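A short worksheet on the structure shown next.
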Amino acid sequence: MTRDPDAAARETLRLIGPAPANWVSDRPGIGHNVVLVGGGQTGCAFAWAMRRAGIGKVSVIDAAPDERHAGVWLNAARMNLLRTPKSLVGPEIGLPSLSFQAWYEARHGQAAYAAIDRIPRVDWAGYLSWYRQFLGIEVRYGTMLTRIEPAGDHFRLHLSVGGAERVETTRKIVLANGVGGNGGPYLPPAVASLPASFRAHTADRIDFAALRGKSVAIVGAAASAFDAAGVALEAGAGEVRLYARRSAIAAVPISRSRGFPGAYDNYRSLPDAIRWQQAVRFQRSGSTPTVDAIARAVAFPNFHLHPGAGWTASRVEDGRVVARAGDADVACDFVIAGTGYFQDPNARPELAGFSEHILLWRDRYTPPAGEADDYLGAHPYLGEGHEYLEKTPGAAPFLGNIHVHTPAGFVSFGVPIGDVPSMKRDIPGVTAWISRDLFLADLPAHARRMMGDVAPDFGPELYAAAVGRDYRSA
Ligand SMILES: Cc1cc2nc3c(=O)[nH]c(=O)nc-3n(C[C@H](O)[C@H](O)[C@H](O)COP(=O)(O)OP(=O)(O)OC[C@H]3O[C@@H](n4cnc5c(N)ncnc54)[C@H](O)[C@@H]3O)c2cc1C
């Protein structure tokens with residue numbers, strides 16, 4: 001008899017029992033209680049958490065045409081192994097048999113799990129696909145949010161569904177739209193000025209096969225830059241040169257020092273000055289590539305690393321890119337920028353019309369001399385439920401119903417929100433916050449329900465035979 005790899009997960013679902021019925025009051029004319037924008041690991045984990053919290057009428061939408069193209073794992077992510085440790089809690093939150101470890105061991109055995117150092121990226125994608133299907137989480141693929149229109153106590157969501165425009169309504173929105181969801185991929189001016197056919201960002205779909213035999217420049221020296229270098233080399237690039245601004249590759253994983261439970265659990269309660277200092281410390285130290293990402297590229301003799309050689313200018317000359325890198329002139333056939341993402345709600349079409357009301361760190365906190373940082377200052381200053389806050393109280397109260405679950409929350413919460421390290425703390429926390437908001441918003445109805453008549457479980461006949469009038473012992 002073949003073993004059922006899902007037996008333990010099925011048993012867990014049996015033991016936790018059915019999800020509670022939807023308790024959220026219906027608002028006539030409003031289609032959804034919550035719309036989760038993004039059906040990657042975050043959107044799916046929220047959908048499950050909300051189901052278990054009895055929050056009904058939750059819909060998950062994703063612009064990608066299908067599961068294969070949703071999320072980063074089989075798309076912009078090019079590393080062989082996840083960057084995060086294998087032991088972190090993921091979307092299983094509190095239910096070990098829904099974890100990656102349980103899923104992997106059920107298919108490959110305990111020894112195989114013990115033998116992997118970190119989680120293979122493709123396996124993680126396979127696990128997330130299983131998680132979604134096993135839990136019956138429906139994602140409406142091919143459904144892109146194009147604009148959020150505040151409409152009093154709810155929102156009108158402008159969607160593009162297979163090219164056709166459509167409007168749906170919801171009370172709450174969770175933006176689970178990924179690393180660029182509150183801004184976009186950042187291209188330094190020296191790369192942005194090149195014609196699009198000569199450059200890409202690591203967020204783009206890149207035709208690496210077309211780089212075979214070519215001279216490729218990578219600008220940036222964090223993990224995605226090294227991953228792109230590795231893939232280009234494996235695809236047969238003639239040479240790959242990686243240009244770093246710093247004089248050495250960032251080697252200190254600075255945020256590890258705040259990974260202990262006290263700091264992790266209570267980060268949001270820290271004073272602004274400490275959260276800012278932490279963010280500045282991270283920013284100045286730089287994002288570290290993994291050891292294996294560096295080793296993967298360095299293994300190729302046609303890989304060259306140029307520290308202290310940030311690009312300051314570039315142009316196309318005789319069909320090639322010519323650039324100023326540090327104090328040298330360099331040339332290549334194609335450039336890939338592994339230069340991360342910028343934060344700016346004003347750049348998001350979904351938020352057009354009200355983005356100027358969103359409170360940012362620079363509005364809220366003036367750093368001391370020497371700690372100024374424009375990049376960090378552009379991050380939204382989020383509330384406890386990851387909701388946008390208003391710059392001017394009362395000017396845009398609906399912002400409290402837009403919850404942001406992307407790395408935009410990094411300065412506020414100390415971990416890149418949406419990444420695996422954020423899941424254990426923030427998916428339950430934000431779900432509880434949304435539950436509270438929905439409950440309190442309809443308090444009169446819920447108060448009536450709590451005061452309502454409850455039918456008796458039994459009548460006096462159940463104990464009538466034992467009712468005695470004689471108090472003496474026999
Ligand atoms: C190259 C790379 C490597 C990474 N490696 C790691 C790692 O090792 N460990 C880790 O913890 N994290 C890593 N991260 C961070 C990673 O993005 C998250 O862990 C994970 O992808 C977050 O899942 P998510 O569901 O929040 O976002 P995503 O996986 O990015 O999913 C967002 C979804 O939103 C959809 N979407 C976007 N805009 C709209 C819209 N307007 N309407 C509808 N749908 C929309 C997209 O189609 C996408 O499917 C990495 C990120 C990158 C870019």
Side-chain angles (χ1 to χ4, degrees), residues 35-47 59-86 88-91 100 118-121 123-125 128 131-132 137 139-148 157-161 168 173-186 201-204 206 220 222-228 230-231 255 287-290 292-293 336 338-341 348-352 386 404-410 415-424 426-427 430:
V35 169
L36 295 157
V37 181
Q41 64 187 34
T42 299
C44 292
F46 265 118
S59 183
V60 191
I61 62 168
D62 200 297
D66 49 38
E67 183 182 71
R68 161 69 186 75
H69 294 94
V72 299
W73 304 113
L74 299 177
N75 301 297
R78 302 185 173 92
M79 63 283 192
N80 293 326
L81 305 175
L82 256 59
R83 296 167 188 163
T84 32
K86 69 177 182 181
L88 292 179
V89 170
F100 175 84
R118 298 203 314 280
I119 297 174
R121 171 177 56 84
D123 284 329
W124 180 253
L128 290 177
Y131 175 92
R132 187 182 71 72
I137 293 161
V139 177
R140 293 193 287 153
Y141 294 107
T143 306
M144 181 192 218
L145 172 68
T146 55
R147 187 160 75 88
I148 298 172
L157 297 184
H158 295 256
L159 307 175
S160 169
V161 186
E168 296 184 11
I173 299 168
V174 178
L175 294 175
N177 49 355
V179 280
N182 194 71
Y186 172 71
H201 187 276
T202 49
D204 297 333
I206 299 173
S224 288
F226 276 95
D227 293 339
V231 177
S255 47
S287 178
T288 49
T290 55
D292 45 297
I336 300 174
T339 40
Y341 296 80
R348 298 303 312 177
E350 304 92 325
L351 309 178
H386 292 200
V404 182
H405 206 82
T406 69
F410 175 67
V415 289
I417 302 298
D419 288 20
V420 179
S422 72
M423 297 189 97
K424 173 183 167 202
D426 294 325
I427 295 211
V430 174

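All values reported here derive from a predicted model rather than from experimental measurement. Just so you know, ligand 1 is whichever comes first in the structure, and atom 1 is the first atom listed for that ligand.
Under the 4.5 Å side-chain criterion, counting only non-hydrogen atoms from C-beta, T202 is not in contact with D227.
For ligand 1 and L82, the ligand atoms under 4.0 Å from any heavy atom of the residue are 8 (O). Short contacts between ligand 1 and T84, defined as distances under 4.0 Å to a heavy atom of the residue, involve ligand atoms 7 (C), 8 (O), 9 (N), 10 (C), 11 (O). For ligand 1, the atoms closer than 4.0 angstrom to any heavy atom of E350 are 41 (N). Set against the non-hydrogen atoms of A76, the atoms of ligand 1 under 4.0 Å away are 1 (C). Atoms of ligand 1 lying under 4.0 Å from at least one heavy atom of V37, given by number and element, are 40 (C), 42 (N), 43 (C). Atoms of ligand 1 lying under 4.0 Å from at least one heavy atom of A77, given by number and element, are 1 (C). Using a 4.0 Å cut-off to heavy atoms of A70, the atoms of ligand 1 that qualify are 49 (O). In the vicinity of M144, heavy-atom distances shorter than 4.0 Å reach the ligand 1 atoms 41 (N), 42 (N), 43 (C).
At the shortest separation from atom 2 (C) of ligand 1 among protein heavy atoms lies R83 NH1, 3.7 Å. Here the protein heavy atom with the shortest distance to atom 37 (C) of ligand 1 is N177 CB, 3.4 Å.
T406 places no side-chain N or O within 3.5 Å of a backbone atom of N177 that could act as its donor or acceptor partner. Remark: the backbone N or O of I137 is paired with a side-chain donor or acceptor of R132 at under 3.5 angstrom.
Nearest-residue assignment for atom 22 (C) of ligand 1 (options A203, P349, P91, G418; heavy-atom criterion): G418. The option from L145, V72, T42 that lies nearest to atom 25 (O) of ligand 1, judged by heavy atoms, is T42. Atom 49 (O) of ligand 1 has its nearest heavy-atom neighbour, among I417, D62, L36, in D62. Atom 27 (O) of ligand 1 has its nearest heavy-atom neighbour, among P65, G178, G40, G71, in G178. By heavy-atom distance, the residue among A63, A176, G43 lying nearest atom 43 (C) of ligand 1 is A63.
A heavy-atom separation below 4.0 Å is not found between G181 and ligand 1. Using a 4.0 Å cutoff on heavy atoms, W124 does not count as a contact of ligand 1. Close to ligand 1: T143, with a non-hydrogen atom less than 4.0 angstrom away.
The ring pair (Phe, Tyr, Trp, His ring centres under 6.0 Å) test applied to Y341 returns H201, not counting sequence neighbours. Contacts of S59 classified as side chain to side chain donor-acceptor pair (under 3.5 Å), with partners at least two apart in sequence or in another chain: R140.
Salt-bridge formation is detected for the pair D292/R118: a Lys NZ or Arg NE/NH1/NH2 atom is positioned less than 4.0 Å from an Asp or Glu carboxylate oxygen.
Residue-environment remark: NZ (K424) stays at or below the threshold of 12 foreign heavy atoms within 6.0 Å.
The two atoms that bring R78 and A228 nearest to each other are CD-CA, 4.5 Å, heavy atoms only.
At a heavy-atom cutoff of 4.0 Å, ligand 1 is contacted by the side chain of M79 but not by its backbone.
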